[in-house]
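I have placed the structure first, in the form of structure tokens, so that the comments after it can refer back to it.
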Amino acid sequence: MATENFQAPKGTRDFYPDEMAVRRYIEDIWRRVSIRHGFQEVDGPTFESLDLYKVKSGVEIVSQLFSFTDRGQRDLALRPEFTPTLARMVAQRAAGLPRPIKWFSIPRCYRAEQPQKGRLREFMQWNVDYIGEASDRAERECLALCADALLEFGLTPDDFRIGWNHRAWLTHVLVGTFMPPERISNAFYILDRLHKYDRAGREALYREQGCSDKEKAYFEFIAGTSNQSLSELTDLLSAFMLDRHSRLGEPPPPDLCHLKIDSTVREFEKRLKDTNLAAMCSFDLSIVRGLAYYTGFVFEISDRQGENRAIAGGGRYDNLIEMFGGPSLGAVGFGMGDVVLEILLRRRDKIPKAILDNHQNPDVFIVNALDDAVHAERLIFELRRSQWDSTRQRIIRPGLHAECSYRSTRNIGKLLQEAAASGAKLAVILARAELQRGVAKLKNLADRSERTVSMETLIEEIHAALDPA
RNA sequence: GUGGAUUUAGCUCAGUUGGUUAGAGCACGAGGUUGUGGUCCUCGGGGUCGCGGGUUCGAAUCCCGUAAUCCACCCCA
């Protein structure tokens, strides 16, 4: 019979115990921090109707999906993200859910893209959504949660930067000054790429997008800005616009400060300063985020040192729930993928050694020097079992993590060496001489002390030794 | 989807202009004289050299195809 060599499919990963430990570490932090910020965990199906993904993103996105047809001729697709499922879930039960709806999820997602650094075809994505809150409190809570998670991973504000912008504001500024509304999507496309190119690359981009001289000048101005505050930027922008217009002999554009949307953005910045978030955040005109469904505030977290792609990104999408057949509910959300995050954590040496070593230190290690394994096996099963109290409906004594050697040697020195290497706190030595007297030795592996205990009370003694309280 | 580099043991890698039976370190397993600690010593299992063709007396090595990985594009919810 012919044998075949199988590999994991392109862009997927195998999680052997060491990799699984790191993945669990990341997911545990996402989950723990989400819960403490008042979010509840949800999940949905791994695949959805193909149409669900066309509602939001349009038909061109289909080429990036893993899609298939079931035997009932239904077109389905593996989820490329969680937001459509979430929107569907909210829309279905919108009437009965308490507001605001604060949900998070850690779905596995799939995209049929060319894998490269920080981007795979199957990945985990922490997804946070805050629905039914019109005020910018939702934005701040999401930012606080996202930043808190990164801090929990041991990263500092020196490692990452939160850049933010406001799409509605930007649209008003552009349209209110010089840009025809139909050029806005080109403008967003250009802004999104501005910092990736040098002067020549940007020229090519402007040509390709059919930019007017005015637009070019504007984009070049933005390309030259970085790290200014919102008010500095709007002042600079006003001055720049006035200068341009006077030189071209055109009537001056309306004062940017009097644009209606402007006050809400300034207010947002002021409220950020009232929290401790402002230190990590900077206004950034070049952040617009890819697709069209963000309606206001948008943000992106990037690595300060590396050329990594964004660690996380999100924003406000006020129309989405409605698009999926629900009521009109404002919403803010963000996503963070495991792939880029893990690269960053490894590069900054932020994954604890105990996680990398994947040591699950046992509570107790059985050293069996007997010819027969029966005593050791009975003991280990007893130790591992929890004690359940059925009247109180709870576990009254949790089972212990008990290990033994799977090697055939009965050399106590070797076995103790293995016990110590396992990181166990206690070792039980079962040997013939003691067993004949109905006792065993209980050894504290940390201080190397040992005492003789009766087989009758051994299990209680072990529990007592591990939990002195 | 496009271009470049890469693929030899579980991992990291040697392997000369094509020439005997393809190596090392780490890891893994056994033993070190049946009773006490991460060291050390000895031994061992492991490879269709990514896969499939071709050239050759002979291919890990040269040629063609193909898959995967990494990097750069495209795209990025």
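Chain A is the first sequence line, chain B the second, and so forth, proteins listed ahead of strands; every chain is numbered from 1.
- Residues meeting the salt bridge (charged side-chain N to carboxylate O under 4.0 Å, His left out) test with A:D284, sequence neighbours left out: A:R161.
- Within 4.0 Å of A:A369, counting heavy atoms only, lies no atom of the nucleic acid at all.
- Sequence order on RNA chain B of the closest nucleotides to A:K443 and A:R119 puts A:K443 first from the 5' end.
- Dashed line: the shortest gap from a side-chain N or O of A:R193 to OP1 or OP2 of B:C76 is under 4.0 Å.
- Under the Watson-Crick or G-U wobble criterion, with both distances below 3.5 Å, B:C73 is paired with B:G1.
- Nucleotide B:C43 forms a Watson-Crick or G-U wobble pair with B:G29, both donor-acceptor distances falling under 3.5 Å.
- Put simply, the side chain of A:E450 and the base of B:U36 share a donor and an acceptor less than 3.5 Å apart.
- Residue A:K117 places no side-chain N or O under 4.0 Å from the OP1 or OP2 atom of B:C70.
- Checked by distance alone, A:K414 brings a side-chain donor or acceptor within 3.5 Å of a matching partner on the base of B:G32.
- One finds a side-chain N or O of A:Y189 lying less than 4.0 angstrom from the OP1 or OP2 phosphate oxygen of B:C75.
- A:R121 approaches A:K10 most closely through the heavy-atom pair CD-O, 3.3 Å.
- A:W126 has its ring centre less than 6.0 Å from the ring centre of A:F334.
- Contact of A:R111 with B:C75 (side chain to base): no donor-acceptor pair of N or O atoms is detected under 3.5 Å.
- Partner assigned to B:U6 is B:A68, using Watson-Crick or G-U wobble distances below 3.5 angstrom.
- Judged by distance alone, with hydrogens and angles left aside, A:E434 brings a side-chain donor or acceptor within reach of the base of B:G35, the pair sitting under 3.5 Å.
- When heavy atoms are screened at a 4.0 angstrom cut-off, A:Y197 is found touching the sugar-phosphate backbone but no base atom.
- Among the protein residues, A:A433 comes within range of the nucleic acid bases, having at least one heavy atom under 4.0 Å from a base atom.
- Take the nearest nucleotide of RNA chain B for A:A446 and for A:Q114: the residue whose nucleotide is more 5' is A:Q114.
- For the C1' atom pair drawn from B:U7 and B:A77, the interatomic distance equals 33 Å after rounding to whole Å.
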